[in-house]
Number of protein chains: 2
Amino acid sequence: MRIEDEIKQPLFQDEHQKAHINLVYTAGWLQLRQAIAFKPFGLTLPQFNILRILRGQHPLPATVALLIDRMLDKTSNASRIVDRLEEKALVTRTVCPANRRAVDIRITQAGMDLLNRIEEAGIARCHGMSLLSAEEAHQLNTLLDKIRDED
Amino acid sequence: MRIEDEIKQPLFQDEHQKAHINLVYTAGWLQLRQAIAFKPFGLTLPQFNILRILRGQHPLPATVALLIDRMLDKTSNASRIVDRLEEKALVTRTVCPANRRAVDIRITQAGMDLLNRIEEAGIARCHGMSLLSAEEAHQLNTLLDKIRDED
DNA sequence: CAACATTAAATGTACCTACATAAATTTGCA
DNA sequence: TGCAAATTTATGTAGGTACATTTAATGTTG
C-alpha cells in the first residue's frame with residue numbers, strides 16, 4: 001500500500017518529505033511485526049537484542065557500557081532492560097571483581113535455550129525485507145547510509 | 001557513516017538483514033534529531049503531529065478516532081497525547097453535541113501560534129533527507145512501499 | 001594521604017507505545 | 001419499549017526512550 005493511503009494524506013510537500021514519513025512509518029511497521037513475533041516467547045525486541053549481544057560475548061561477561069555501545073538505541077536504558085532479563089533468570093548480574101563499579105552480565109543456559117528456540121522458530125528472520133531483491137536491499141542500504149552522512 | 005560502524009557489528013547475514021537494521025536505525029536517527037529540534041518549543045513529536053492534524057481540520061473539530069486514523073502510529077494513545085496538549089492550552093476538548101460519546105478536539109489560537117513559530121524556525125523541515133536528490137528520494141519511496149507490500 | 005574529579009551503574013521523572021479493559025452513549029432489533 | 005450489541009473515549013498496566021541526578025568506586029593530584 002502506498003504511504004499516501006496508509007496515513008490518508010494525499011499530498012506531500014515533495015518527495016523528500018514523503019520519504020521521511022515513509023521511512024519512519026515503515027520502520028515502525030517492521031518493528032511492530034517483530035514485536036508481535038517475539039511476544040509468545042515473553043521477550044521484547046530490546047530484550048532480545050541484549051540477549052543476542054550477551055551470547056556473542058559468551059563465555060565472557062558484558063558490562064552495561066558494552067551493551068549500550070552495541071545497541072541500536074544508544075540512549076535506551078540498558079540497566080532496566082537487564083533488570084527484566086534478570087527477573088526472568090535469562091541473565092545474571094555480578095559485581096565485576098576487577099572494577100567494583102562495573103557489573104558483569106552473563107547469559108544463562110535458560111537464556112541460551114530461549115534464543116535457540118526463537119531462532120528455530122525462524123522468528124528472527126527479516127520479515128518484509130524478503131520482498132526486496134538482493135540488489136534492491138543493497139540500493140536501500142546505500143540510500144539510508146547517505147541520509148545519515150551528516151553525522 | 002556505514003551502518004556496520006555505527007553499531008560495531010562488522011558482518012551481517014545478508015544484505016536483507018543489513019537493510020532491516022539500517023532502516024530501523026536510520027528512522028530512529030531521524031526521529032531523535034526531530035525530537036531534539038522540538039524540545040525548545042516544549043513539544044514532543046506525537047504532540048506536534050496531532051497539532052498539525054488539528055490545524056488541517058480547523059475550524060472543524062476532530063475526534064480521537066479521526067486523530068488515530070491520520071496518525072503514523074495507529075496504536076498510540078491519542079487520548080493521552082491530547083491530555084498533554086490540553087494541559088498546555090494548545091487544544092480544547094468539548095463533548096460532541098451530535099454524538100455525546102465522541103469528543104470534539106480543536107486547536108486553540110495558542111496552538112496555531114506555536115505551530116507558526118515552529119515553522120518559521122524551519123524546524124519541521126526534513127533534516128537529513130536533504131542529502132538525497134529528488135530522484136533518490138523517489139527511489140527510496142518505491143523501495144519502502146515495496147517492503148510493506150504484504151500488508 | 002586527603003580532596004577532588006571521573007567513571008559505571010542505578011534511579012527518578014516525563015512521556016511514549018502496546019494492549020486489555022472499563023464506562024458512557026448510541027444503535028439495532030425482538 | 002427494552003435490552004443487547006456496537007461504538008467512542010478513557011483508564012490501567014507493562015515496558016520502552018530520553019535525560020537529569022544520585023551513589024559508589026576508582027583515578028588523580030597537590
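Throughout, protein chains are lettered first and strands after them, A, B, ... in sequence-line order, and every chain is numbered starting at 1. For clarity, every value in this text was computed on a predicted model and none was experimentally measured.
Between the CD1 atom of A:I50 and the C1' atom of D:dG15 there is a distance of 13 Å, given to the nearest Å. If you take CD1 of A:I36 and C1' of C:dC19, they are 10 Å apart, rounded to a whole angstrom. Atom CG in B:L43 sits about 10 Å away from atom P in C:dC16, given to the nearest Å. One can place CG of A:N49 at 13 Å from C1' of D:dG16, the figure rounded to the nearest angstrom. Taking atom CG of residue A:L90 and atom P of nucleotide D:dG15, one finds them 13 Å apart after rounding to whole Å. Atom NZ of B:K74 and atom P of C:dC16 are 18 Å apart (whole Å). Between A:I81 atom CD1 and D:dT17 atom C1' there is a gap of 9 Å when expressed in whole angstrom units. Nucleotide C:dC15 holds its P atom 18 Å from the CZ atom of B:F48, rounded to whole Å.
Residue B:S76 has a polar side-chain atom (N or O) positioned under 4.0 Å from OP1 or OP2 of C:dT17. For the OP1/OP2 pair of C:dC19 and a distance below 4.0 Å, the side-chain nitrogens and oxygens of A:K39 include at least one atom meeting the criterion. Between A:Q31 and D:dG16 there is no side-chain N or O to OP1 or OP2 distance below 4.0 Å.
B:D73 pairs by the salt bridge (charged side-chain N to carboxylate O under 4.0 Å, His left out) definition with nothing, not counting sequence neighbours. Residues that satisfy the side chain to side chain contact (heavy atoms under 4.5 Å, CB included) test with B:N141, not counting sequence neighbours, are A:E15, A:K18, A:A19, A:N22.
Within the structure, the side chain to side chain donor-acceptor pair (under 3.5 Å) test picks out the following pairs touching residues 107-118 of chain A (sequence neighbours left out): A:Q109-A:D113. For residues 87-99 of chain A, the salt bridge (charged side-chain N to carboxylate O under 4.0 Å, His left out) pairs, not counting sequence neighbours, are A:D83-A:R93, A:E86-A:R93.
With salt bridges taken as basic N to acidic carboxylate O contacts below 4.0 Å, none links B:E119 and B:R52.
Ranked by how close their nearest DNA chain D nucleotide is to the 5' end, A:P97 and A:E87 are led by A:E87.
There is a side-chain donor-acceptor pair under 3.5 Å between B:T26 and A:R148.
B:L45 comes within 4.0 angstrom of nothing in the nucleic acid, heavy atoms only.
Taking Ile, Leu, Val, Met, Phe, Trp and Tyr as members and joining any whose side-chain heavy atoms lie under 4.5 Å apart, directly or through other members, the hydrophobic cluster of A:L32 also contains A:I36.
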Using nucleotides 8-10 of chain C, report all nitrogen or oxygen pairs with the protein that are shorter than 3.5 Å.
residue, atom, partner, partner atom, Å
C:dA9, OP1, A:V64, N, 3.1
C:dA9, OP2, A:A65, N, 2.8
C:dA10, OP1, A:R93, NH1, 3.0
C:dA10, OP2, A:S79, OG, 2.5
C:dA10, OP2, A:R93, NH1, 3.1
C:dA10, O5', A:S79, OG, 3.3

